[in-house]
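Right, one structure below, let's go through it.
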There are 2 protein chains.
Amino acid sequence: MSPSIELNKAKQCAGSYVLAINDTMNVVSGKWKLPIIGALLFGKKRFKELERNIPKITPRMLSKELRDLEMNGIVTRTVYDSVPVTVEYELTRSGQSLTKVLDVMVEWGLEHRENTVGKAV
Amino acid sequence: MSPSIELNKAKQCAGSYVLAINDTMNVVSGKWKLPIIGALLFGKKRFKELERNIPKITPRMLSKELRDLEMNGIVTRTVYDSVPVTVEYELTRSGQSLTKVLDVMVEWGLEHRENTVGKAV
DNA sequence: GTAACTACTATACCAAAGTATACCGGTATA
DNA sequence: TATACCGGTATACTTTGGTATAGTAGTTAC
C-alpha cells in the first residue's frame with residue numbers, strides 16, 4: 001500500500017529491482033501488447049472486436065498475445081455459454097494499473113522530444 | 001515545465017500519445033539497452049569498462065546499441081585525444097531522466113507480483 | 001619483437017518474433 | 001443449399017534481433 005517504501009527496498013536490492021523491471025518489460029514489449037491493452041482500456045471486448053479495433057493484426061498474433069497476457073495476469077478471458085459462444089477479454093486490476101507506466105512513458109517521450117528538437121537526423 | 005498539463009494534452013490527442021510511447025519504447029526495448037543505461041547511471045564509462053560491467057555482452061552489440069542510444073539522444077560519446085585514445089559514454093539529461101520511467105516500472109512490477117502471488121503457473 | 005591493451009568492425013550464422021494464407025467446427029440468415 | 005459470422009488453429013515463410021568468431025589499427029610494456 002506504500003509504493004515508495006517498496007521502491008526504496010527494491011533499489012537497495014539490485015536483484016529484485018532487475019526482476020521487477022523484467023516483469024514489466026515482458027508485459028509491454030512486442031509489437032502488439034500495447035495496442036491490445038490500449039484497446040481494452042476502453043472496456044472489455046470480444047475477439048473479433050479487438051481484431052477490428054487493431055489495424056493489421058492477424059488472428060494468430062491476437063490469439064497468441066491474448067494467451068500471453070492472460071497467463072501473465074493482465075487480462076481475463078471469459079467464455080459465455082450463449083449461442084454462438086461469445087468470449088470476452090477484460091483487463092485485470094494489474095492490467096488497468098499499467099496506465100501508471102504508460103503515463104510516465106508518454107511524459108518522458110514528450111519531454112525527450114522537447115529536449116532534442118532539431119537535433120535528430 | 002508542467003508535465004501534467006502536457007500529459008493531459010497528449011491524452012486528448014491519440015496521435016502524439018502513441019508517438020510518445022513509441023519513442024520511449026524504442027529507448028528501453030531490446031536485450032541490452034537497459035543494462036547499458038543502468039551501468040551509465042553510476043557515472044560515465046569507457047567502452048571496455050561497459051564491456052566488463054555488462055556480463056555476456058559482445059563488442060558488436062555494445063557498439064551497435066551505444067550508436068543507437070547516441071542517435072536517440074540518450075548518451076553522448078566523447079573522444080579524448082590521449083594516447084591511446086579514450087572514449088567516454090555518458091547519459092544525457094534525457095537519459096538520466098529515464099529513471100522516472102524505470103522507477104514506475106519497478107513499482108508496477110512489484111505490485112503486480114503481489115497481486116498475483118501463487119496464481120502464476 | 002611479441003604480447004597486451006584500446007575501441008572497435010566484418011562476416012557468418014542462428015533463433016525469436018512476426019506475417020501470410022488457409023482452414024476448422026459450429027450457428028444463423030437468406 | 002449457400003453465405004457469412006464467431007473464435008480461433010495450422011503451416012510455412014520472412015524479417016529482425018542477437019551470437020560467435022575473428023580481425024583491424026594504433027600504442028605501450030616487457
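Here is the naming used below: chain letters follow the sequence lines, and residue numbers restart at 1 for every chain.
Residue-level contact check: A/Y80 touches neither bases nor backbone, having no heavy atom under 4.0 Å from any strand.
Residues A/L110 and B/L19 fail the side-chain proximity criterion, which asks for heavy atoms closer than 4.5 Å.
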Is there any protein nitrogen or oxygen under 3.5 Å from a nitrogen or oxygen in nucleotides 28-30 of chain D, and what are the pairs?
none

Atom pairs, N/O to N/O, protein against nucleotides 11-15 of chain D, distance under 3.5 Å?
residue	atom	partner	partner atom	Å
D/dT11	O4	A/R60	NE	3.0
D/dA12	N6	A/R60	NH2	3.4

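Distance B/D81 CG to D/dG26 C1': 13 Å, rounded to the nearest Å. With rounding to whole Å, A/L66 atom CG is found 11 Å from D/dG7 atom C1'. Whole-Å rounding puts the A/K64 NZ to C/dA20 C1' distance at 16 Å. Atom CZ of A/R67 and atom C1' of C/dA17 are 15 Å apart (whole Å). What separates CD of A/E88 from P of D/dC6 is a distance of 13 Å, to the nearest Å.
Applying the side chain to side chain contact (heavy atoms under 4.5 Å, CB included) criterion to A/N72, with sequence neighbours excluded, gives A/D68, A/I74.
Using a 4.0 Å cut-off, some side-chain N or O of B/K31 falls inside it from OP1 or OP2 of D/dT19. Note on A/S63: every side-chain N or O is 4.0 Å or more away from OP1 and OP2 of D/dG8.
For the atom pair CD of A/E114 and CD of A/E111, the computed distance is 7.5 Å after rounding to the nearest 0.5 Å. Rounding to the nearest 0.5 Å gives a distance of 9.5 Å between CG of B/L102 and CE of A/M25. In this structure, CG on B/L91 lies 9.5 Å from NZ on B/K45, to the nearest 0.5 angstrom. Distance check, rounded to the nearest 0.5 Å: CG of B/L98 to CG of B/L69 gives 9.0 Å.
DNA chain C is contacted by no residue of residues 34-58 of chain A, taking any non-hydrogen atom closer than 4.0 Å.
When distances run from any side-chain atom of B/M61 to the nucleotides D/dT19, D/dG7, C/dG18, the shortest one goes to D/dT19. For B/V87, taking side-chain heavy atoms from C-beta onward, the closest of the listed nucleotides D/dT9, C/dT19, C/dA7 is C/dA7.
Listed by first and then second residue, the side-chain hydrogen bond (donor to acceptor under 3.5 Å, both in side chains) pairs involving residues 82-94 of chain B are A/H112-B/S94, A/N115-B/S94, B/R77-B/Y89, B/Y80-B/E88, B/S82-B/T86 (not counting sequence neighbours). Counting only residues at least two apart or in different chains, salt bridge (charged side-chain N to carboxylate O under 4.0 Å, His left out) contacts with residues 47-58 of chain A comprise A/K48-A/E51.
In this structure, A/V79 is a member of the same hydrophobic cluster as A/L62, with clusters built from ILVMFWY side-chain heavy atoms closer than 4.5 Å.
In this structure, B/K100 contributes its side chain and A/W108 its backbone to no donor-acceptor pair below 3.5 Å.
Nearest-nucleotide assignment on DNA chain C puts the 5′-proximal partner with B/Y89, out of A/E65 and B/Y89.
Paired with A/S63 under the rule side chain to side chain donor-acceptor pair (under 3.5 Å), one option of A/E65, A/R60, A/R67 passes, and it is A/R67.
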